[in-house]
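Each remark here refers to the structure printed beneath this line.
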There are 2 protein chains.
Amino acid sequence: MDLLGERKLRMQLDAIDFRIMTILQANGRLSNQDLADKVALSPSACLRRVRTLEDNGLIRGYHARLDAQQLGFELEAIVHVTVDHSRPDWHDAFLQQVNSFDEVVAAYVVSGASNYVLHIRAKGLPAFSSFVVEKLNKLPGMRDICSYIVLKTVKDKLGELPL
Amino acid sequence: MDLLGERKLRMQLDAIDFRIMTILQANGRLSNQDLADKVALSPSACLRRVRTLEDNGLIRGYHARLDAQQLGFELEAIVHVTVDHSRPDWHDAFLQQVNSFDEVVAAYVVSGASNYVLHIRAKGLPAFSSFVVEKLNKLPGMRDICSYIVLKTVKDKLGELPL
DNA sequence: GCTGAAAGTCGGCACCT
DNA sequence: AGGTGCCGACTTTCAGC
């Protein structure tokens, strides 16, 4: 098992592989032929590289990015959570619950003053408020919750690696 | 100009539109024909809907998701920053600088104890350390920096809306 | 590991319901 | 609005270099 979530580099990458990844990162629906043109390779050679990158897990998937604002997800927040860690079994229970909440779009175990940092998305302030009060607050061992409501997203390049 | 970054809903969406978005969100490279099958529409009708969703900005793009660990980005951190806001012009300067740093993958202006929350990705602890000391610390008006190093990513659904 | 050709498949458009 | 049919373009496999 992979307890630490480590992923070792499984293949040798050359400059063309990096160009392929960079291009597909910016335009995931580019046709294989256009991609082949851009990296100066024949379509078949290009496709084989893309398949290899996919098979080795370097390309983990392709996704449409939707407009959260337009779809009604108007509020984002960063929430720091401290739990009572005197009960080790609460940790797993906490993570399982956190994972099941749709409002939690990302969750991290962190070093520092808090135990967890949660990234929250909700359809407005009332929905966020009731999430905190009725869901987060009721988790076992909850000790402290500190919310930072996002007023403006200044940079949004998560999921875009600077290769 | 759009000072608040608001995006109004520009079109009426029905159940099929939501299914299309959900499917493309999970598999951005699905062929139009397969997508049409899944939503029980003819390929041409399906393609027209997808184009409309793209044109109205509901689908904002398609992107390959790469494996950050395997590509050497081993360290993630949430960094809270407080700046001296007695000088209004420092705000824009700060944001501009923050945007130019590759290590900053996301940046938010937040309400609460801190002014900004930064999401950092670096190729290891030394790189992160030198980023904080040599870049962040030297920004004008910097008052306080509080780092939370990510020990484990428990949930990672940013960019996946629960429709 | 790349190229080129062949066969199946798809996207995009015109036209019709 | 959604469906059908067509043609050029694309994807994908495989033999050969």
State which residues pass salt bridge (Lys or Arg N to Asp or Glu O under 4.0 Å) with A:Lys157; sequence neighbours excluded, sorted by chain then number.
-> none
Kindly write out the residues that satisfy salt bridge (Lys or Arg N to Asp or Glu O under 4.0 Å) with A:Lys135, not counting sequence neighbours, or none if the list is empty.
-> A:Glu103
Please examine the side chains of B:Leu95 and B:Tyr116, heavy atoms only from C-beta on, and report whether any two atoms are closer than 4.5 Å.
-> yes
Nucleotide by nucleotide, 5' to 3', does protein get under 4.0 Å of the base (B), only the sugar-phosphate (S), or neither (-) in nucleotides 1-17 of chain C, counting heavy atoms?
-> SBBB-----SSSB----
Any salt bridge (Lys or Arg N to Asp or Glu O under 4.0 Å) involving residues 90-100 of chain B? Give me the pairs, sequence neighbours left out, ordered by first then second residue.
-> none
Going by the salt bridge (Lys or Arg N to Asp or Glu O under 4.0 Å) test, which pairs reach into residues 16-30 of chain A, not counting sequence neighbours?
-> A:Asp17-A:Arg49
For B:Arg51, check side-chain hydrogen bond (donor to acceptor under 3.5 Å, both in side chains) against everything at least two apart and list the hits.
-> B:Glu54
For residues 139-147 of chain B, tabulate all N or O donor-acceptor pairs below 3.5 Å that involve a side-chain atom, not counting sequence neighbours.
none

Please find the earliest and latest nucleotides of DNA chain D, in the 5' to 3' direction, that have an atom within less than 4.0 Å of any heavy atom of chain A.
-> D:dC10 to D:dT13
Qualifying residues under side chain to side chain contact (heavy atoms under 4.5 Å, CB included), relative to [X], sequence neighbours excluded:
{"X": "B:Glu76", "result": "A:Tyr108, B:His119, B:Arg121, B:Val150, B:Thr153"}
{"X": "B:Asn99", "result": "A:Val154, A:Lys155"}
{"X": "B:Leu125", "result": "B:Leu75, B:Phe128, B:Ile149"}

Rounding to the nearest 10°, end axes of the helix from C:dG1-D:dC17 to C:dT17-D:dA1 built from five pairs each make an angle of 30°
